[in-house]
Amino acid sequence: MKDNAEFEAILKTIDINGPATENEPWRQYYFIKKARQYVKAKSEELGRPLFACARTFGCQMNARDSEKLRGILEKIGYEEAPEDVADFVIYNTCTVRENANTRVYGRLGQLKPLKKKNPHMMIGLCGCMMQEPEVVEKLRKSYRFVDIIFGTHNIFKFAELIVQRLESQEMVIDIWKDTDKIVEDLPNERKYFFKSGVNIMFGCNNFCSYCIVPYVRGRERSRDPKAIIREIERLVADGVVEVMLLGQNVNSYGKNLEEPMSFARLLTEIEKIEGLERIRFMTSHPKDLSDELIEVMGNSKKICKHLHLPIQSGSSRILEKMNRRYTKEQYLTLVDKIRKAVPDISLTTDIIVGFPGETEEDFQETLDVVRKVRYDSAFTFIYSKRTGTPAAAMEDQIPEDVVKDRFDRLLREVQAIAAQVCSVHEGCVQTALVEAKSEHDDSMVTGRLSNNLLVHFKGSSELIGQLVDVRLSECKGFYYLGEQV
Ligand code: 5AD
Ligand code: SF4
């Protein structure tokens with residue numbers, strides 16, 4: 001994104017008395033300028049600034065999208081504030097599991113009385129859940145107080161939709177089924193000044209049989225490598241030292257570009273950016289993780305010693321039904337290869353229990369992988385039936401009590417191993433990127449190690465954003481207490 005002065009200079013050249021251009025991103029700059037007028041007028045009427053709150057549900061992709069929403073809200077003239085005092089509340093929703101949807105409906109119910117008290121309040125909903133037609137139908141019928149609804153493909157249009165709502169006095173709904181469009185150079189408001197997510201691709205083509213993501217995020221689209229590099233260079237110039245490259249399946253980056261380029265090559269290019277200290281990425285699909293990538297990781301000075309490699313299930317039979325396109329053995333071989341090339345790498349994973357047809361034997365295979373790989377941590381999920389996915393129609397859905405029992409056993413195993421794995425660094429000195437003041441002790445700060453573990457140590461907030469060497473004195477299970485050396 002352009003810096004503030006540059007952006008304001010562009011806005012000056014835009015005439016909002018004429019019609020909007022069709023060209024993006026200028027079309028959106030036009031609507032940002034227009035929305036600004038409305039916000040300014042309302043703020044003068046009320047004799048105070050207008051406040052906005054963008055709340056994220058779900059994954060890091062959504063967190064990054066919310067920064068784009070905040071960027072636009074800020075440029076329009078809103079100040080950030082908590083939800084209960086905000087004049088504009090937007091929820092960026094997730095739908096990967098059913099409980100994500102339930103939470104959004106619950107929160108919406110709480111917003112209704114706030115809007116009654118404060119009728120000019122605007123409520124927006126966007127993100128993955130909005131890509132489901134049943135959801136939008138339900139909102140249209142039973143949640144009439146919502147002002148703006150859009151999906152995952154047209155976030156860039158946020159300012160335009162706000163203006164449309166202000167000028168029409170009606171609920172605005174704009175959902176695209178899919179897109180091949182990637183709009184660059186829109187504002188965004190970063191949560192941290194020293195680290196940032198960077199989208200490298202959107203969508204997913206894998207169609208794992210339980211997963212709704214390909215339906216709500218559309219087909220795979222990779223960003224132009226030059227646009228990615230340019231964005232990171234700007235971020236670094238702005239004080240960022242760590243980037244997290246984001247995509248549903250980063251290992252298949254670049255396959256659909258006009259000039260195809262591998263993820264490993266993209267990483268090599270990013271590594272060259274001076275001033276950038278750390279590179280992370282997620283999520284990797286085991287079936288697409290190439291030898292070239294392993295080699296690049298082994299040789300890199302900047303790629304962090306952490307790989308998130310979702311296994312989902314340890315049973316080859318279930319993996320096939322999940323359409324994951326690897327077997328338990330192939331996964332374990334891959335892990336061996338990675339560990340050989342990057343010996344001190346931290347491995348984390350995602351596991352689903354209770355997939356349709358999962359037997360106790362299948363579950364034991366999952367436990368076996370957990371014991372063999374010895375993950376640094378694992379996100380464990382109870383299978384959630386998502387309407388429209390192949391798995392939802394499969395026979396032999398597993399009873400709740402059986403799933404719950406397996407889930408508890410898995411969690412115990414995962415946590416016991418993670419605690420052992422975490423403690424091996426005790427006494428070592430490692431570099432931490434200081435992220436924040438410690439939540440529990442004002443005299444301490446919290447840093448993140450290359451392997452993604454957190455360490456708390458004495459220090460002032462001036463350290464935030466710096467890379468410092470820390471002795472890891474005491475392992476506390478899933479994090480460390482340490483001291484700066
Ligand atoms: N039920 C449970 N977990 C799911 N995930 C994706 N879809 C489902 C589902 N239907 C999990 C997977 C994925 C993570 C982001 O969410 O483990 O890796
Ligand atoms: Fe879903 Fe599979 Fe794509 Fe991940 S790779 S987003 S689990 S379909």
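Numbers here simply count residues along the sequence, with the first being 1. In listed order, ligands and their atoms are each counted from 1. As the structure is a prediction and not an experimental result, all values here were calculated from the model.
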Modelled atom types, side-chain donor and acceptor of Arg217 and Gln131, under 3.5 Å: no

Distance filter under 4.0 Å to Ile382 heavy atoms, resulting ligand 1 atoms: 1 (N), 2 (C)

Ligand 1 contacted by Thr389 (non-hydrogen, < 4.0 Å): no

Cation-pi check, Lys138 onto Tyr105 ring (under 6.0 Å, within 45° of axis): yes

Contact check: Arg386 vs ligand 1, nitrogen or oxygen atoms, below 3.5 angstrom: no

Identity of the nearest option to atom 1 (N) of ligand 1, non-hydrogen atoms only, from Ser209, Ala392, Ser384: Ser384

Residues that Lys301 engages under salt bridge (Lys or Arg N to Asp or Glu O under 4.0 Å), provided they are two or more places apart: none

Sub-6.0 Å ring centroid separation between Phe381 and Phe407: no

Proximal ligand 1 atoms for Tyr383, defined as those under 4.0 Å from one of its heavy atoms: 1 (N), 2 (C)

For Phe57, all residues meeting ring pair (Phe, Tyr, Trp, His ring centres under 6.0 Å), sequence neighbours excluded: Tyr91

Side chain, backbone, both or neither: the part of Lys385 lying under 4.0 Å from ligand 1 by heavy atom: neither

The single option from His456, His440, His425 passing ring pair (Phe, Tyr, Trp, His ring centres under 6.0 Å) against Tyr479: His456

Location of contacts on Tyr210 toward ligand 1, heavy atoms closer than 4.0 Å: both

Sub-4.0 Å atoms of ligand 1 with respect to non-hydrogen atoms of Ile352: 3 (N), 4 (C), 5 (N), 12 (C), 17 (O)

Ser284 and Asn251: side chain donor to acceptor below 3.5 Å: yes

Atoms of ligand 1 close to Gln312 [distance to a heavy atom under 4.0 angstrom, numbered from 1]: 12 (C), 13 (C), 17 (O), 18 (O)

